[in-house]
Enquirer: 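One structure, as structure tokens, below. Some questions next.
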Amino acid sequence: MDDALVEPAEAGPLRGAPAEPLLELDDIQGLVAPGFLKPHQALVHIRFPEDRQGLGAVRALFAALVSRGALSTGAETLKDRRDHRLYVSGQLDARDRAPLVALAFTAQGLRAFTPAAGQLKSPAFQGGLPSRSALLGDPVADDDPGAAANWVVGASGQELDALLVVAGDHRATVRALAQDMAGQLAALGAQVDIQRGDVRDDQRGHEHFGFDDGVSQPGMRGLASDAPGDFVTDRYVDPSEVPDSWLYGYPGQDLIWPGEFILGYPVSGPDPLIPGPVLPCPSWARNGSFLVYRRLRQDVAAFWQTMRAEAERLRKTPGFESLTDEDLAARLVGRWASGAPLARAPLKDDPDLGADAFANNDFRLDSDTPARTGASGDYPLAKADPVGLVCPVGAHIRKVNVRDGASDMGGAVATQARRLLRVGVPFGESLADRYGDSGPDPLEGDRGLLFLSIQASIEDQFEFLQARWMNNPARPRGPGGHDMIVGQNAAAADGVRRCHLFGAQLQSAETVAEVQFVVPTGGGYFFVPSLRALREVITPLDEGVQNAAGA
Amino acid sequence: MALLPQFDPPAYLTDLDHVKDGRRQWDAFLDYCFTWAIDAQRGAARGQDGGAGEVQYFNPKTYDPGSTVLAQPIVWNAFPKTLLLRFGRERALAEADTLWPYYPFDGFHGGYDSQRPGDALKAANTKVWTRPLDEYCEWRVERDAGTGLIRRVTFTSEPPEYWTALFGGEVVLDTDVRFRFEGNPKYATELYRELTGSPVQEDDLRVREPFGDFKRGDYNPYNKWNTTHGIVHLNCPPNSIGAEVRLGGDATVLRQRRDGAPVLSPDELICCARYGGGNRNSDPTIGASVNALARLGAMITLVNPIGLYIDDLDLTGWWLPDGIAPQDCVRVVRGQPGQVERLVVEVPAETGRCVSDILIGGAPVRWGGEIAECITVKLVGGAADLGKVANGAATCIGQACVLPSDSRLLRVAPADGNLPLGLQAAFNEPRPAGGAVPAWSPGVRAHRAAKLTGAA
């Protein structure tokens, strides 16, 4: 890959910045890079027909999707994103952008089409999500809706074979396209259904507990073309601020080497400005990636009732006398509802900060965050908080990203190598009264998040974060506790999650949750192949080609 | 607060009650370690660029902080990251269950490699073995001779110095920094027999032919009952409690690059200050955690009883056939919850099952390391008097570097010398070459402008 590293510029402020790989965006599906970040999605769940003829017909349909360009390339998706920004800034007239589409396979689905599926050396992928559910701390009791046997999609024995992701700016066009594709598949004998997901009408960008979601999304290193500065992830730090302008997209948004998300590219090393090696993978898998899909039900009323009861209990504890439910929830997330980080807004929410992409992610945890040239707002700078006096060590955002600090897995590179690209969206209508005090819930609690994440390793990234950091009270750092938001009770020794908090004058206390706020109700582990792999290895009808791929 | 009256043995173990003056000697040893570690910081303190020039590391027996000591558990994963980085997971798991020849552990261009012909020759000629497990937790796998299935995996975090204190012998902390324990060889031998279930003889535990810093007749931490025939305590060369006390001290020194930029990255810091193995889980996180507290102006120590502990074995996702509960397969042999020194994973014999029947995440256990991946190791630091000390930073004494062929593995060269041939400097960002026009794309420029003006 070294020959594919491109100097970002021969002159100007980028001279000397690390060379980055040219991403093959015409071959990479756009869901993987740069990622669909669309307000409306429809996931077409697919189980293949069992008969050979039907299977062949589905394969032919997929081949046709590829050949007629119905699957979105990375290049198309990046152009769509850039057009959207020009449109938002008034530099491009409104136009009807077609939905974006991606196709992914579970191991059993891929095996149905090619023996090369076995070359993907991922026990998680090969075993499938239900077989790994217990490792993730999911409920296992027979009568628990969170147990893999009871999921509404992809349950044990009912695993999906493939997934079409349709995403766009308009609910109606997304649904129409998904319906059309589902109809074509159903006509061939496939079992299909559609899971719809949409941003919340009342709080765009916020998940159902009420918090702005995806603020900490990392950026992917790499160039879209050999034009100077044509980065896949835009860079906003003042170019004079070296090395920060080489380290971040938005201020504080880590730029991660693309091999953490796409097979066949350099991974992270301890020095974030030096690319790591390209890890080996089957040649046909290059430009592919793994997709984790979890249908997570969020019990909004249980969450806020617990916050209310716990805040009331903790107010009787020295150092916590003025704690409100919103204070407590913010501490457990590490951000206020607006997305403003506690590190920069310790005492109350600051919606302007939360909305400011140039500041809402610009904070360190182990050291003071310096002032930034051309800062867009007059927000307080984050102070070093290694012990979690302000933002608890067990807060969700610290559980999944220790930022500048070390962890149980070593130096800061350990957290960079665990990052995910999240490309999901909520599902279900909002709960009108978050405490659920005002009457029955019309959805009976069936709202939540269609969690979709892109990563090069399911084991080392998604599973590691869920099982080893979020579910574990001692990791990645102490004194921590469980991730009270996403952590699973079944993973706690006594079925109760706990998180350590500091109050005034170094007083400390523990908050507890006996109920589960987030319940898995389905999903799957998928591989998102490159378009070339789809054309040449997965969908060709000539079996000789498949055998060659299997060699 | 009050001064600590005496350093207790790790996990409050009581073995030293069977050794004449045993507890007093252990206390004196840790006192000596602190003196050594604190003295070593005085030079660095003098080298600070301004500031108070004070040592921020304290011996809890001699320094009484003005505030409560805030205990800071520092945790790390037991499976060696060094092996993972060098070999990838599959081969790392296999290597981790083997013994390696004892010799200096890490060179500039890589350590022992059992598949390298020259190293195989070394292995063929070695008489002293060690475990390649440098995360302060080591294990031994016992397999059924006929089937190869795993019967038992025994984990330990007991420091070698503790067993030298039990048997008697000399601990060498550094050149001319030595401590002699009188010990009770008979008691230590009995304890060996109890832990290994084998007919251990006192002479088995003595150094027969001097090697390294070990003298004839002294306790031999690399004896056969702690290597080829059993496991009793840590024996990987970097795994010692003296090294931890010293690392804690070294990490209190604030550091800066030659251009005055503070060194904050855990990976850069460990190379700059040369206080441990940069490719491990443990040392970078111990050092960075301590340094972060030191940057807050705190006084730092280690919390009694000082030890390296198995903190947790995470059984999430473990499953056994026949309804066997995973927790019934885990036995704490020495220590206590949160301060475990010896732990055995073994399926109860009456079930007719074995460790190889355990599934983790649906996959059967094939190597001891798969269990180690679920283990968290711990050291407890302490911080007091936050904001008391306003030290300046000292310049780096080490330069981080990497092999261009695999930049994931850090090496350290002296800061004042040339880099060894073939290595590339790391954490050494060049300054920008100048120029004022960012090479942003039109879309980026528009988006940035819109963001800054509030239009988007």
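Every chain is numbered from 1 and lettered A, B, ... according to where its sequence line falls, protein lines coming before strand lines.
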Enquirer: Would A/R364 and B/L264 satisfy side chain to side chain contact (heavy atoms under 4.5 Å, CB included), going step by step from the backbone distance to the final call?
Expert: CA-CA 11 Å; A/R364 300 173 181 170; B/L264 304 170; 3.3 Å; yes
Enquirer: Take B/C374 and A/R468 through the test side chain to side chain contact (heavy atoms under 4.5 Å, CB included) and record every step on the way to the result.
Expert: CA-CA 8 Å; B/C374 305; A/R468 303 297 179 212; 3.4 Å; yes
Enquirer: State whether the side chain of A/R132 and the backbone N or O of B/G361 hold a donor-acceptor pair below 3.5 Å, judged by distance alone.
Expert: yes
Enquirer: Would you mind reporting whether A/D366 and B/N291 have side-chain heavy atoms less than 4.5 Å apart?
Expert: no
Enquirer: Less than 4.5 Å to any heavy atom of chain A: does that hold for the side chain of B/L70, its backbone, both, or neither?
Expert: side chain
Enquirer: Give, as side chain, backbone, both or neither, the part of A/P275 having an atom under 4.5 angstrom from any heavy atom of chain B.
Expert: backbone
Enquirer: Which atoms of B/A78 are under 4.5 Å from chain A, going by heavy atoms: the side chain, the backbone, both sets, or neither?
Expert: neither
Enquirer: For B/T376, is it the side chain, the backbone, both or neither that has a heavy atom under 4.5 Å from a heavy atom of chain A?
Expert: side chain
Enquirer: Given the rule in the side chain to side chain contact (heavy atoms under 4.5 Å, CB included) test, do B/V402 and A/D271 qualify, once you have shown the distances and angles that lead to the verdict?
Expert: CA-CA 9 Å; B/V402 294; A/D271 183 337; 6.0 Å; no
Enquirer: Does any part of the side chain of A/V413, heavy atoms only, come nearer than 4.5 Å to the side chain of B/R408, both counted from C-beta?
Expert: no
Enquirer: Quick one: what part of A/P270 sits under 4.5 Å from any heavy atom of chain B, side chain, backbone, both or neither?
Expert: both
Enquirer: So, do A/P386 and B/R295 sit near enough that their side-chain heavy atoms are less than 4.5 Å apart?
Expert: no
Enquirer: Side chains of B/N77 and A/D408: do they bring a donor and an acceptor to under 3.5 Å?
Expert: no
Enquirer: Can you tell me which portion of A/L365 sits under 4.5 Å from chain B's heavy atoms? Options are side chain, backbone, both or neither.
Expert: neither
Enquirer: Heavy-atom pairs under 4.5 Å with chain B: which of A/S367, A/A474, A/G127 has the most?
Expert: A/S367
Enquirer: For chain B, which candidate among A/A384, A/G405, A/G478, A/A124 shows the most heavy-atom pairs at distances under 4.5 Å?
Expert: A/G478
Enquirer: What part of B/D314 is in contact with chain A, defined as an atom under 4.5 angstrom from a non-hydrogen atom: side chain, backbone, both or neither?
Expert: both
Enquirer: May I ask you to name which of B/A383, B/S282, B/A292 has the most heavy-atom pairs under 4.5 Å with chain A?
Expert: B/A292
Enquirer: For A/F464, which atoms come within 4.5 Å of any heavy atom of chain B: side chain, backbone, both, or neither?
Expert: neither
Enquirer: Identify which one of B/T316, B/L359, B/I360 satisfies the side chain to side chain contact (heavy atoms under 4.5 Å, CB included) criterion when paired with A/L135.
Expert: B/I360
Enquirer: How close do A/A406 and B/P284 get, counting heavy atoms only, and between which atoms?
Expert: CB-O, 4.0 Å
Enquirer: Side chain from CB out, backbone as N, CA, C, O: work out which of these in A/V267 comes under 4.5 Å of a heavy atom of chain B, or both, or neither.
Expert: side chain
Enquirer: Highest number of heavy-atom pairs under 4.5 Å with chain A: which of B/S405, B/A288, B/P73, B/G362?
Expert: B/P73
Enquirer: Can you tell me which portion of B/E373 sits under 4.5 Å from chain A's heavy atoms? Options are side chain, backbone, both or neither.
Expert: backbone
Enquirer: Taking the side chain from B/T285 and the backbone from A/G410, do they hold a donor-acceptor pair closer than 3.5 Å?
Expert: no
Enquirer: Using 0.5 Å steps for rounding, measure from the CE atom of A/M409 to the CZ atom of B/F79.
Expert: 10.0 Å
Enquirer: Roughly how far apart are B/F427 CZ and A/I274 CD1, rounded to 0.5 Å?
Expert: 7.5 Å
Enquirer: Calculate, to the nearest 0.5 Å, the distance between atoms NZ and CD belonging to A/K121 and B/E90 respectively.
Expert: 10.0 Å
Enquirer: Of the non-hydrogen atoms in A/G411 and B/P266, which two are nearest, and what is the gap between them?
Expert: CA-CB, 3.9 Å
Enquirer: Please identify, among A/A412, A/S131, A/G276, A/S268, the residue contributing the most non-hydrogen atom pairs under 4.5 Å to chain B.
Expert: A/A412
